[in-house]
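Heads up: the structure comes next, in structure tokens.
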2 protein chains.
Amino acid sequence: MQSYTEENYLKIIYHLAEKTTNVQTNAIAEQMQTKPASVTDMIKKLADKGLVDYIKYQGVTLTETGKNAAIDIVRKHRLWEVFLVDKLNFKWDEVHDVAEELEHIKSTELIERLDEFLGFPKADPHGDPIPDKNGRFAKTQFIKLIELKVGDTGTITGVSQHSSAFLKHLEKLGLTLGIPIKISDITDFDGSVEIQLADKQVNISREVAKHILISSNGKN
Amino acid sequence: MQSYTEENYLKIIYHLAEKTTNVQTNAIAEQMQTKPASVTDMIKKLADKGLVDYIKYQGVTLTETGKNAAIDIVRKHRLWEVFLVDKLNFKWDEVHDVAEELEHIKSTELIERLDEFLGFPKADPHGDPIPDKNGRFAKTQFIKLIELKVGDTGTITGVSQHSSAFLKHLEKLGLTLGIPIKISDITDFDGSVEIQLADKQVNISREVAKHILISSNGKN
DNA sequence: AAAAATTTTTAGATTTACCTAAAAATTAAA
DNA sequence: TTTAATTTTTAGGTAAATCTAAAAATTTTT
């Protein structure tokens, strides 16, 4: 059994490992909003518990056990997010912080019943996949909107930024999950992207375009 | 803002204060499953924070602020219990431990939306009243079953013991909330109570009878 | 490949909530 | 009302997770 803090470390290492193979101390420190020295301490502890593999100065990787524990926390986080949005009418930009707390409630029974109550959802309100109780989930085949070319079409199925500011911005533009889009132009001047929606045309910066995930329905 | 542990102390002091006016160190230690010395430390801290009034060797009482904080935790605990039973189909004897954790989730928004989602329930699965968001709730007018006389009738509306063993026992006997009862006999030998239910007759020990709460519909 | 910059670790402290053992105060009993 | 029993507090310490400052290792730059 892991402590609240240990769980957070595992979760963050898991997310960082999605991008880079061996996760660095400084990166963890930044995510955990703590100091590198503290991270080193905790990493040693996690290594002693067999949750991470650790070689001094070489960063960490999750062991099988550690990865399973991390996936379990991610599963809880995402299920709670679905609960907050589907049942309690939270907006997708309001759920993150509360889910950060709820994900640490320790009860397998609770989370299995919640999963059932929610109808075994496959994705959370931001389009991220929800692992099943065995930790399995489909590797999602997303393309970043910014990688699309003029004329390409697709559907918004995820975001890679969960900040409230970003999500509110998308909401205001009408760029929410499930919305079909077509790239109508990419501005020469600043590379901003002109998008055709069902009923209107919107323009987004490259920075925004980086964090919108599209399930492509092929080139046009 | 209180820590997880401070919240538990406040809650326990609140519950103990329902029985005795000034709450003793040893009683708190027992409930908190800790040592009296630790309680003294924490009490000082709570006193510094203005949550309790404390005179050495004389026990503690909650201040207005402390009481409000405690009631807020009780409110959360009971709402989560309703959620677990009504929405996730937990049994009334299975909810206590999980609710102990959930009660510490810090989000006013969450709890107000949960309250609404549940239809603003007035009592939890054990019949305990749920404070509204202003901390107000009806002082319940329960009578202990053991205080009833032969021929008295009433309805089971609460329990004063939340252990799984006790609740399972009641369940098996058919003594659940809302069940109308009539005292048909009180055994001379051991004082055990013979109860007439709609469809059957059951016998319970005095110890069990102490912890069943009845809303009386008057003498017979 | 040496110097500079960056990253990571060590060493030594701090805070929170807890502990044991012993002292002090209160309450109950003789 | 003195003694005994109980309750509570104090004193000094521990473990978890953090910190700062300085040392060590690694990486990058020149």
Side-chain angles (χ1 to χ4, degrees), chain A residues 1-17 19-62 66 69-70 73 100-101 103-104 106, chain B residues 1-17 19-62 66 69-70 73 100-101 103-104 106:
Chain A
M1 195 89 300
Q2 288 87 46
S3 76
Y4 190 97
T5 310
E6 286 166 359
E7 288 191 348
N8 279 330
Y9 271 90
L10 291 175
K11 181 186 60 173
I12 276 166
I13 294 168
Y14 175 79
H15 286 311
L16 288 169
K19 293 172 185 173
T20 52
T21 325
N22 77 322
V23 179
Q24 310 206 109
T25 304
N26 271 358
I28 299 171
E30 194 191 343
Q31 293 293 312
M32 283 293 297
Q33 312 221 67
T34 186
K35 298 293 143 83
S38 310
V39 174
T40 303
D41 286 349
M42 180 55 87
I43 282 172
K44 283 181 187 163
K45 193 176 165 191
L46 294 175
D48 286 346
K49 288 193 171 190
L51 296 164
V52 299
D53 289 320
Y54 167 57
I55 306 165
K56 266 189 193 176
Y57 293 99
Q58 301 306 130
V60 283
T61 50
L62 292 170
I73 299 157
E100 284 296 90
E101 285 194 63
E103 72 190 8
H104 299 290
K106 290 185 194 336
Chain B
M1 195 89 300
Q2 289 89 45
S3 74
Y4 190 98
T5 311
E6 285 166 358
E7 287 191 348
N8 279 329
Y9 271 90
L10 291 175
K11 182 185 60 172
I12 277 166
I13 294 168
Y14 175 80
H15 286 311
L16 288 170
K19 293 174 186 173
T20 52
T21 326
N22 77 322
V23 179
Q24 310 206 107
T25 304
N26 272 357
I28 299 171
E30 193 191 346
Q31 293 293 312
M32 283 294 297
Q33 312 222 65
T34 186
K35 297 293 141 85
S38 309
V39 173
T40 303
D41 285 349
M42 179 55 87
I43 283 171
K44 283 181 185 164
K45 192 177 167 193
L46 294 175
D48 286 347
K49 287 193 170 190
L51 296 164
V52 300
D53 289 320
Y54 167 57
I55 306 165
K56 267 188 193 175
Y57 293 97
Q58 301 306 130
V60 283
T61 51
L62 292 169
I73 299 157
E100 282 300 87
E101 286 194 62
E103 73 190 7
H104 299 290
K106 291 187 194 329

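Here is the naming used below: chain letters follow the sequence lines, and residue numbers restart at 1 for every chain.
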Out of dT8(C), dA11(C), dT18(D), which has the shortest distance to the side chain of T25(A)?
dT8(C)

Would you indicate, yes or no, if dA16(D) has its OP1 or OP2 atom less than 4.0 angstrom from a side-chain nitrogen or oxygen of T5(A)?
no

May I ask you to check whether over 12 heavy atoms, not counting those of E100(B), lie within 6.0 Å of atom CD?
yes

Using atom CD of Q2(B) as one end and atom P of dT16(C) as the other, report the distance to the nearest whole Å.
14 Å

Hey, does S38(B) reach any base, or is it just sugar-phosphate, or nothing, if we go heavy atoms under 4.0 Å?
base

Do N8(B) and H104(B) have side-chain heavy atoms sitting under 4.5 Å apart?
yes

Could you check which of dC19(C), dT9(D), dT7(C) has an atom nearest any side-chain atom of D41(B)?
dC19(C)

If you compare every side-chain N and O of T40(A) against the phosphate oxygens of dT9(C) (OP1, OP2), does one of them come in below 4.0 Å?
yes

Specify the residue among P36(A) and G59(B) whose closest nucleotide of DNA chain D lies further upstream toward the 5′ end.
G59(B)

Hey, does the side chain of Y54(A) come within less than 4.0 Å of dT8(C)'s phosphate (OP1/OP2), counting only N and O?
no

Side chains of E6(B) and K49(B), heavy atoms from C-beta outward: is any pair under 4.5 Å?
yes

Using a 4.0 Å heavy-atom cut-off across all strands, classify Y4(A) as base, sugar-phosphate, or nothing.
nothing

Value in whole Å for how far the C1' atom of dT9(D) lies from CD1 of I55(B):
15 Å

Is Y9(B) close enough to dT16(C) that one of its side-chain N or O atoms is under 4.0 Å from OP1 or OP2 there?
no

Between dT16(C) atom C1' and N8(B) atom CG, what is the distance in whole Å?
15 Å

I28(B) CD1 to dT7(D) P: how many Å, rounded?
14 Å

Within the supplied structure, the quantity of interest is the number of heavy atoms (other residues, nucleotides, ligands) at a distance under 6.0 Å from K56(B) NZ; does it exceed 12?
no

Distances for protein N/O vs nucleotides 22-28 of chain C N/O pairs under 3.5 angstrom?
residue: dA25(C); atom: O4'; partner: Y57(B); partner atom: OH; Å: 3.4

May I ask you to verify if any side-chain N or O of T34(B) is less than 4.0 angstrom from the OP1 or OP2 atom of dC19(C)?
yes

Tell me the closest heavy-atom pair linking K44(A) and Y54(A), and the distance in Å.
CG-CE2, 4.0 Å

Would you check if L51(A) and I13(A) make a side-chain contact, meaning some heavy-atom pair closer than 4.5 Å?
no

If every non-hydrogen atom of L10(B) is compared with every non-hydrogen atom of A70(B), which pair is closest and at what distance?
O-CB, 3.7 Å

Any strand, both distances under 3.5 Å, Watson-Crick or G-U wobble: dT30(D) pairs with dA1(C)

E30(B) CD to dT7(D) C1', straight-line distance once rounded to whole Å
14 Å

Which of dT20(D), dT7(C), dC18(C) is nearest the side chain of M42(B)? It is dC18(C)

Side-chain N,O (N26(A)) to OP1/OP2 (dT6(C)) below 4.0 Å
no

Provide the closest heavy-atom pair for T61(A) versus T21(A) in the form atom of the first, atom of the second, distance.
CG2-O, 3.6 Å

For K35(B) and dT9(D), is the shortest distance between a side-chain N/O and OP1 or OP2 below 4.0 Å?
no

Rounded distance in Å - NZ (K44(A)) to P (dT18(D))
15 Å

N or O in side chain of Q24(A) less than 4.0 angstrom from dT7(C) OP1/OP2
no

